[in-house]
*Asks:* 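Right, I'll just put the structure down here and ask away after.
Predicted, not measured: the structure shown is a model, and the values here were computed from it. We're numbering straight along the sequence, starting at 1.
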Amino acid sequence: MKQLDVLYFAWVRERIGIPKERITTDAATVSDLIAELCAKEERYQMAFQDMTVVKVAIDQTLSPLDASLEGAREIAIFPPMTGG
């Protein structure tokens with residue numbers, strides 16, 4: 001088991017209802033972590049129903065969904081940024 005700080009931004013945060021949380025997990029990858037969260041509560045299912053429009057950073061480094069969580073301390077989940 002490992003503890004991770006999970007940060008949510010923009011509409012992901014709005015759908016989940018909190019800006020961050022500390023999670024204890026056995027997840028090996030980001031995808032595994034998201035699956036755990038979705039199994040826990042419907043609000044996560046709503047936020048993560050289309051993972052093609054979500055980006056992830058592990059310890060402030062943009063990462064793919066299949067990236068390992070080995071040694072990770074922080075996961076940030078957010079929609080892609082747009083210019084303007």
Side-chain angles (χ1 to χ4, degrees):
M1 288 276 205
K2 60 185 150 280
Q3 286 201 331
L4 297 171
D5 289 323
V6 183
L7 312 176
Y8 307 108
F9 294 93
W11 58 258
V12 176
R13 176 180 58 219
E14 291 171 10
R15 291 179 186 175
I16 292 172
I18 54 175
K20 66 180 178 178
E21 62 185 317
R22 177 158 283 202
I23 295 179
T24 301
T25 182
D26 283 325
T29 66
V30 175
S31 292
D32 294 341
L33 175 65
I34 290 171
E36 278 185 17
L37 292 171
C38 288
K40 190 166 86 166
E41 290 184 45
E42 189 175 329
R43 63 186 172 145
Y44 296 103
Q45 294 169 18
M46 300 260 313
F48 302 133
Q49 63 187 344
D50 183 0
M51 290 305 297
T52 64
V53 296
V54 173
K55 299 291 183 193
V56 174
I58 300 174
D59 295 328
Q60 300 183 3
T61 300
L62 198 59
S63 303
L65 294 174
D66 62 354
S68 172
L69 294 178
E70 183 69 35
R73 296 190 338 235
E74 178 186 275
I75 309 301
I77 304 172
F78 50 91
M81 302 298 155
T82 58

*Asks:* Calculate, to the nearest 0.5 Å, the distance between atoms CG and CD1 belonging to Leu37 and Ile77 respectively.
*Replies:* 6.5 Å

*Asks:* If I compare all heavy atoms of Ala28 with all of Asp32, which pair ends up nearest, and what's the gap?
*Replies:*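 Answer, listing the atom of Ala28 first, then Asp32: N-OD2, 3.3 Å.
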
*Asks:* Does Arg43 have any side chain to side chain contact (heavy atoms under 4.5 Å, CB included) partners at least two apart in sequence or in another chain, and if so, which?
*Replies:*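 Residues passing side chain to side chain contact (heavy atoms under 4.5 Å, CB included) with Arg43: Ile16, Ile18, Glu41.
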
*Asks:* Tabulate below the donor-acceptor pairs under 3.5 Å that side-chain atoms of residues 63-70 make, not counting sequence neighbours, or state none.
*Replies:*
| unit_1 | atom_1 | unit_2 | atom_2 | d |
| --- | --- | --- | --- | --- |
| Ser63 | OG | Thr61 | O | 2.8 |
| Ser68 | OG | Glu70 | N | 3.0 |

*Asks:* What pair of heavy atoms forms the shortest contact from Val56 to Phe78, and how long is it?
*Replies:*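 Residues Val56 and Phe78, closest heavy atoms: C-CE2, 4.2 Å.
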
*Asks:* For a quick test of your reading: what N or O donor-acceptor pairs under 3.5 Å do the side chains of residues 4-15 make, sequence neighbours left out?
*Replies:*
| unit_1 | atom_1 | unit_2 | atom_2 | d |
| --- | --- | --- | --- | --- |
| Asp5 | OD1 | Arg22 | NE | 2.9 |
| Asp5 | OD1 | Arg22 | NH2 | 3.1 |
| Asp5 | OD2 | Arg22 | NH2 | 3.0 |
| Tyr8 | OH | Glu21 | OE2 | 2.6 |

*Asks:* Same cluster for Leu33 and Met46 if Ile/Leu/Val/Met/Phe/Trp/Tyr side chains link at under 4.5 Å?
*Replies:* no

*Asks:* For the residue pair Arg73 and Asp59, what are the closest heavy atoms and their distance?
*Replies:*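 For Arg73 and Asp59, the tightest heavy-atom pair comes out as N-OD1, 3.1 Å.
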
*Asks:* In terms of heavy-atom contacts, does CE of Met51 have more than 12 from other residues, nucleotides or ligands at under 6.0 Å?
*Replies:* yes

